[in-house]
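Let me begin by presenting the structure, written as structure tokens, before commenting on it.
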Amino acid sequence: MSAVVAQASSVGAAILFILSLHWMNDPRSAARLSVPVGALALLLAVAAVWMRPEIVNQHWIVIAMLAGIAVGVPLSRVALTAAPQRTALSHSF
């Protein structure tokens, strides 16, 4: 049962990612739809990986999430005038 739910979650996350990219084409729908749906897709994808029955050492997932938060929160506080530098820094990670 858990494997079926994990696969369905993976497919759902892929569909939401595709829709999120599609909605990025229009500036009005980018902020209103694309960003929240993309965040939901990412959450669903992480949950799908976490539910897989062969994942027994979950501490690696938690460590990766904490590392992402440690890098992402300070980068989110950078001013928009420094967007190219922020993008370069985030892509280096």
Side-chain angles (χ1 to χ4, degrees):
M1 177 68 177
S2 176
V4 173
V5 173
Q7 287 178 344
S9 297
S10 296
V11 171
I15 291 169
L16 289 176
F17 275 129
I18 292 168
L19 287 173
S20 177
L21 288 174
H22 172 70
W23 288 324
M24 280 290 199
N25 290 328
D26 184 19
R28 288 176 289 155
S29 66
R32 187 171 39 101
L33 283 173
S34 181
V35 174
V37 170
L40 177 65
L42 183 61
L43 181 67
L44 194 58
V46 169
V49 169
W50 214 324
M51 285 189 288
R52 295 187 62 89
E54 61 266 11
I55 303 295
V56 291
N57 292 329
Q58 294 156 354
H59 66 279
W60 289 110
I61 296 172
V62 173
I63 290 170
M65 289 170 67
L66 291 175
I69 290 170
V71 171
V73 169
L75 284 177
S76 71
R77 300 184 192 277
V78 174
L80 285 178
T81 55
Q85 295 88 340
R86 181 184 132 188
T87 304
L89 184 62
S90 67
H91 285 174
S92 69
F93 285 102

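To the nearest 0.5 Å, the span separating CD on Gln7 from CE on Met51 amounts to 10.5 Å. Here the straight-line distance linking atom CE of Met24 with atom CG of Leu33 works out to 11.0 Å at 0.5 Å rounding. Here Asn57 contributes atom CG and Ile63 contributes atom CD1; the two are 10.0 Å apart, rounded to the nearest 0.5 Å. Rounding to the nearest 0.5 Å places CG of Leu43 at 10.5 Å from CG of Leu16.
Side-chain contact check for Val62 versus Trp50: some heavy-atom pair is nearer than 4.5 Å.
For the pair Ser10 and Ala48, the tightest heavy-atom approach, listed with the atom from each and the gap, is OG-CB, 3.5 Å. Here the closest non-hydrogen pair linking Ser20 and Val37 is CB-CG1, 4.4 Å.
Transitive grouping of hydrophobic side chains (ILVMFWY, heavy atoms separated by less than 4.5 Å) keeps Val4 and Val11 in distinct clusters. Hydrophobic clustering, with ILVMFWY side chains joined whenever heavy atoms are under 4.5 angstrom apart, keeps Leu40 apart from Phe17.
Judged purely by atom type and a 3.5 angstrom limit, Ser34 has no side-chain atom pairing as donor or acceptor with the backbone of Trp23.
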